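Report on one structure; see the data block that follows.
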Amino acid sequence: MDLTMSYKEAYELVNDHGYDSLIDHVSELFPNNVLYSCSTGWFMYGAKYICKLQGRYGDIVISWSDQDE
């Protein structure tokens, strides 16, 4: 995994501000990847799914630090 973050934090960010807010947040950590797209299964079906952000120069995979909550 490229990044581990709180599922709850990511869920609330997307729920309140949309997927672009998560893309922008992760882009700050990985600016060279030029991220443009985010998977949605994790948001719809829960923390058992990873989140994959696609980038022009490489993808970022997010795993959840609190997936068992």
Side-chain angles (χ1 to χ4, degrees):
M1 299 301 147
D2 298 300
L3 177 64
T4 301
M5 69 182 294
S6 164
Y7 178 83
K8 181 179 177 185
E9 177 186 341
Y11 185 91
E12 289 175 356
L13 187 63
V14 170
N15 193 49
D16 294 344
H17 304 287
Y19 285 99
D20 285 342
S21 62
L22 180 61
I23 293 170
D24 291 344
H25 175 73
V26 178
S27 290
E28 290 178 11
L29 302 172
F30 298 92
N32 295 331
N33 292 65
V34 188
L35 301 172
Y36 62 85
S37 178
C38 180
S39 64
T40 60
W42 67 274
F43 186 80
M44 294 186 290
Y45 303 113
K48 63 183 175 181
Y49 292 90
I50 60 165
C51 175
K52 182 177 179 183
L53 291 98
Q54 292 180 303
R56 181 179 298 163
Y57 302 110
D59 300 341
I60 301 297
V61 176
I62 301 174
S63 61
W64 310 116
S65 59
D66 51 357
Q67 70 184 33
D68 294 330
E69 292 182 10

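Since we're looking at a predicted model, the values are computed, not measured. Note that these values count all heavy atoms, side chains included, but never hydrogens, waters or copies made by symmetry.
- The aromatic rings of Tyr11 and Phe43 lie parallel to each other, their planes meeting at an angle below 30°, with 60° marking the opposite boundary.
- Contact annotation: the side chain of Trp64 approaches that of Cys51 to within less than 4.5 Å [non-hydrogen atoms, C-beta and beyond].
- The line from CZ of Phe30 to CG of Leu53 is 9.5 Å long, rounded to the nearest 0.5 Å.
- What you find for Glu28 and Pro31 is that their closest heavy atoms are O-CD, 3.8 Å.
- No chain of hydrophobic side-chain contacts below 4.5 Å, direct or via other Ile, Leu, Val, Met, Phe, Trp or Tyr residues, connects Ile23 to Tyr57.
- Residue Leu35 holds its CG atom at 10.0 Å from CD of Gln54, rounded to the nearest 0.5 Å.
- Remark: side-chain polar atoms of Asp66 are not paired, donor with acceptor, to backbone N or O of Ser6 under 3.5 angstrom.
- To the nearest 0.5 Å, atoms CD1 (Ile60) and CD1 (Ile50) are separated by 11.5 Å.
- A side-chain donor-acceptor contact under 3.5 Å links Thr4 and Ser63.
- In this structure, Glu9 CD and Leu22 CG are separated by 9.0 Å, a value rounded to the nearest 0.5 Å.
- Using a 4.5 Å cut-off on side-chain heavy atoms (C-beta onward), Tyr36 and Val34 make no contact.
- Taking both residues in full, the closest heavy atoms of Trp42 and Tyr7 are given as O-OH, 2.7 Å, listed atom of the first, atom of the second, then distance.
- The structure places CG of Leu29 at 9.0 Å from CD1 of Ile62, a figure rounded to the nearest 0.5 Å.
- Atom-to-atom distance recorded for Cys38:SG and Lys52:NZ is 11.5 Å, nearest 0.5 angstrom.
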